[in-house]
Undergrad: 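Structure provided below as C-alpha cells; questions to follow.
Here is the naming used below: chain letters follow the sequence lines, and residue numbers restart at 1 for every chain.
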There are 2 protein chains.
Amino acid sequence: MDSEELRNAGLKVTTPRLKILTLLEKSAERHMTADTIYRLLVEGGEVIGLATVYRALAQFEAAGLITRHHFDSGQTVYELERGPHHDHIVCIRCGRVEEFYDKVIEERQREIAASLGFTLSDHALTLYGECNSQDCPGRQG
Amino acid sequence: MDSEELRNAGLKVTTPRLKILTLLEKSAERHMTADTIYRLLVEGGEVIGLATVYRALAQFEAAGLITRHHFDSGQTVYELERGPHHDHIVCIRCGRVEEFYDKVIEERQREIAASLGFTLSDHALTLYGECNSQDCPGRQG
DNA sequence: TATTCAAACGATAATGATTCTCAATATAGA
DNA sequence: TCTATATTGAGAATCATTATCGTTTGAATA
Ligand SMILES: [Mn+2]
Ligand SMILES: [Mn+2]
Ligand SMILES: [Zn+2]
Ligand SMILES: [Zn+2]
C-alpha cells in the first residue's frame, strides 16, 4: 500500500501525499510536471494546493521515491522511481517520451568521469528527435 | 573581426552586440549565464541593459554563433560555438565545468534513436560528480 | 555628408515556474 | 482523548526570462 511507502521513507502518512503518490502510480503518463499533477487532482475533484504538490514532490525525491528531469520544454517533470535506471528520448514535435537504457553509454560515462578526475555521482542524458508515431503531427505521409 | 561575424549571421552590427560577443571571446570562463555576462559588462564600465543581453544571446543562438545548456544549477548557460561538438561534466561542489567528446557515446545515441523510430536531431548529456581540483572546497585532504 | 526609418536599445512592467509565509488543521504518539 | 508538532492551503514573494514602449542608432540612400 502507498501508506507503507511513505512510512518507509520516513514521511508522515497524509491525505495529500497519498493522493499524489496514487496518481503517479495510476496515471498513464509516467512523466508529469507539478502543475499537471495538481490539475489532474483538482479535475478529479480533490482539494489540494499547488504548493503542497511541489512540497510533496521535493520530499518524495529526497526520499528516493521519484526522480526529476529537466527536458528542454522548460518545466521540471517527475516520475515514479520504478525499475532500473534509464534515460529518455523526447519527440520535438509531439512531446512523446520514450525510455531506454544503454549499457555501453553508462560504462563510457564512468570511464570519462574517471579520466577527467571526477567521481561520478549522476548524469542527465536526453535525446531529441522526431518520432514516427501515427499520432505525431507533422509526420510526412 | 567581430563585426564580420555579426554581418555574416545577418545581424546588424551594434555596439551592445559587439560588447557581448567580445566578452564571450575574451572571458576565461567559457560557460556563462546571461546575468553573469550582463554583470561583467556593467562592472567593466559598459552601459547595457539586461534585456538586451537576453535578446542578443537569443539571436546569437538562432544564428548558430553560440549554444545554450541547462545544467542542474537552474539558469541557462551560454558558450561560444567554437570547435567541434562536445558534452560536459560539472562538479557538484565547486561548479567547475569540463568538456569532453566521446565517439562511442555519440554513435550509440544515433543507434538508439533509430531503433526507437526517432530521427535524432539533438541531445543533451551532462555528467555530475566531484572534481579533484586543488581549489575545490570539501576535498578530503 | 545629411536624411530617413526600420531595427535595436534600455528601463521597466509582466510573466511563469517555483518557493516562502503563516494561520488553520491533521497526524502520531502518550 | 489529548498534545505537541508536522503539514496544509491560500496567497505573497522570488527568480529567471520575456514583453512593452518610447527613444536612439545603424546603414542605406539622396
Ligand atoms: Mn522515465
Ligand atoms: Mn562547452
Ligand atoms: Zn512525435
Ligand atoms: Zn570541484
Undergrad: If you check every side-chain atom of R17(B), which of dA11(C), dA16(D), dC9(C) has the closest atom?
TA: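 The answer is dC9(C), which lies nearest to the side chain.
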Undergrad: Using the side-chain heavy atoms of V13(A), tell me which of these nucleotides is nearest: dA10(D), dA28(C), dT8(D).
TA: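 Given the options dA10(D), dA28(C), dT8(D), the side chain of V13(A) is closest to dA28(C).
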Undergrad: Indicate, with a heavy-atom threshold strictly under 4.0 Å, whether T14(B) touches base, sugar-phosphate, or nothing.
TA: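 Sugar-phosphate, backbone atoms only, no base.
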Undergrad: On the nucleotide dC9(C), are OP1 or OP2 found under 4.0 Å from the side-chain N or O atoms that T52(B) carries?
TA: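 No, because none of the side-chain N or O atoms of T52(B) sits under 4.0 Å from OP1 or OP2 of dC9(C).
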Undergrad: So does C131(B) get a backbone contact from the side chain of R93(B), meaning a donor-acceptor N/O pair under 3.5 Å?
TA: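 Yes, the answer is positive, given that a donor and an acceptor are paired below the 3.5 Å cut-off.
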Undergrad: What is the distance, rounded to the nearest whole Å, between atom NE2 of H70(A) and atom C1' of dA17(C)?
TA: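 Spelled out: NE2 on H70(A) to C1' on dA17(C) is 11 Å.
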Undergrad: Under 3.5 Å, is there an N or O donor on one side and an acceptor on the other linking the side chain of K12(A) and the base of dT7(D)?
TA: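 No pair found.
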Undergrad: Specify the residue among R68(A) and G10(B) whose closest nucleotide of DNA chain C lies further upstream toward the 5′ end.
TA: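 Nearer the 5' end of the strand: G10(B).
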Undergrad: How many Å lie between CG on L57(A) and C1' on dT8(D), as a whole number?
TA: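 Roughly 15 Å, once rounded to whole Å.
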Undergrad: If you measure from CD1 on I66(B) to CD on Q59(B), what distance do you get to the nearest 0.5 Å?
TA: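 With rounding to 0.5 Å, CD1 (I66(B)) is 10.0 Å from CD (Q59(B)).
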Undergrad: Using whole Å, what does the distance between atom C1' of nucleotide dT7(D) and atom CZ of F60(A) come to?
TA: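 In whole Å, dT7(D) C1' and F60(A) CZ are 12 Å from each other.
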Undergrad: Rounded to the nearest Å, what distance is computed from the CE atom of residue M32(B) to the C1' atom of nucleotide dT17(D)?
TA: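 Rounded to the whole Å, the gap is 18 Å.
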Undergrad: Would you kindly give the NE2-to-C1' distance between H69(A) and dA17(C), to the nearest whole Å?
TA: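 Those two atoms, NE2 and C1', are 18 Å apart.
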Undergrad: CD of E106(A) to NE2 of H86(A): how many Å apart, nearest 0.5 Å?
TA: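 It is 11.0 Å, given to the nearest 0.5 Å.
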Undergrad: Is the base of dG9(D) touched by the side chain of R55(A) through a donor-acceptor pair closer than 3.5 angstrom?
TA: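 Under the 3.5 Å cut-off, the side chain and the base do form a donor-acceptor pair.
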Undergrad: When you measure from the side chain of T76(A), which nucleotide among dT18(C), dA19(D), dG9(D) comes out closest?
TA: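 Closest nucleotide to the T76(A) side chain: dT18(C).
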Undergrad: Taking the side chain of L50(A) as its heavy atoms from C-beta onward, which of dA19(D), dG9(D), dT18(C) lies nearest to it?
TA: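 Among the listed nucleotides, the one closest to the side chain of L50(A) is dT18(C).
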Undergrad: Just checking, is any N or O donor in the side chain of R39(A) or T36(A) under 3.5 Å from an acceptor N or O on the other one?
TA: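 No, because no side-chain N or O of R39(A) sits under 3.5 Å from a partner of the opposite role on T36(A).
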Undergrad: Would you mind reading off the distance between Y38(A) atom OH and dT18(C) atom P, rounded to a whole angstrom?
TA: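 Distance, rounded to whole Å: 14 Å.
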Undergrad: Any donor-acceptor pair under 3.5 Å linking the side chain of Y128(B) with the backbone of D72(B)?
TA: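 Yes, because the side chain of Y128(B) sits within donor-acceptor range (under 3.5 Å) of the backbone of D72(B).
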Undergrad: Whole angstroms only, please: what is the CD1-C1' distance between I48(B) and dT12(C)?
TA: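 For the pair I48(B) CD1 and dT12(C) C1', the rounded distance is 16 Å.
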Undergrad: Would you mind telling me which of dC9(C), dT19(C), dG9(D) lies closest to the side-chain atoms of P16(A)?
TA: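 For P16(A), the side-chain atoms sit closest to dG9(D).
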Undergrad: Quickly work out the Q75(A) CD to dC15(D) P distance and round it to whole Å.
TA: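 It works out to 20 Å between those atoms.
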Undergrad: Does a nitrogen or oxygen in the side chain of T15(A) sit under 4.0 Å from OP1 or OP2 of dT8(D)?
TA: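 Negative; the distance criterion is not met.
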Undergrad: Base, sugar-phosphate, or nothing for T33(B), non-hydrogen atoms under 4.0 angstrom?
TA: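 It contacts nothing in the nucleic acid.
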Undergrad: Strictly below 4.0 Å: does Y54(A) bring a side-chain N or O up to OP1 or OP2 of dT19(C)?
TA: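 No.
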Undergrad: For the side chain of R17(A) and the backbone of K12(A), is there at least one donor-acceptor N/O pair under 3.5 Å apart?
TA: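 Checking the backbone N and O of K12(A) against the side chain of R17(A), a donor-acceptor pair under 3.5 Å is found.
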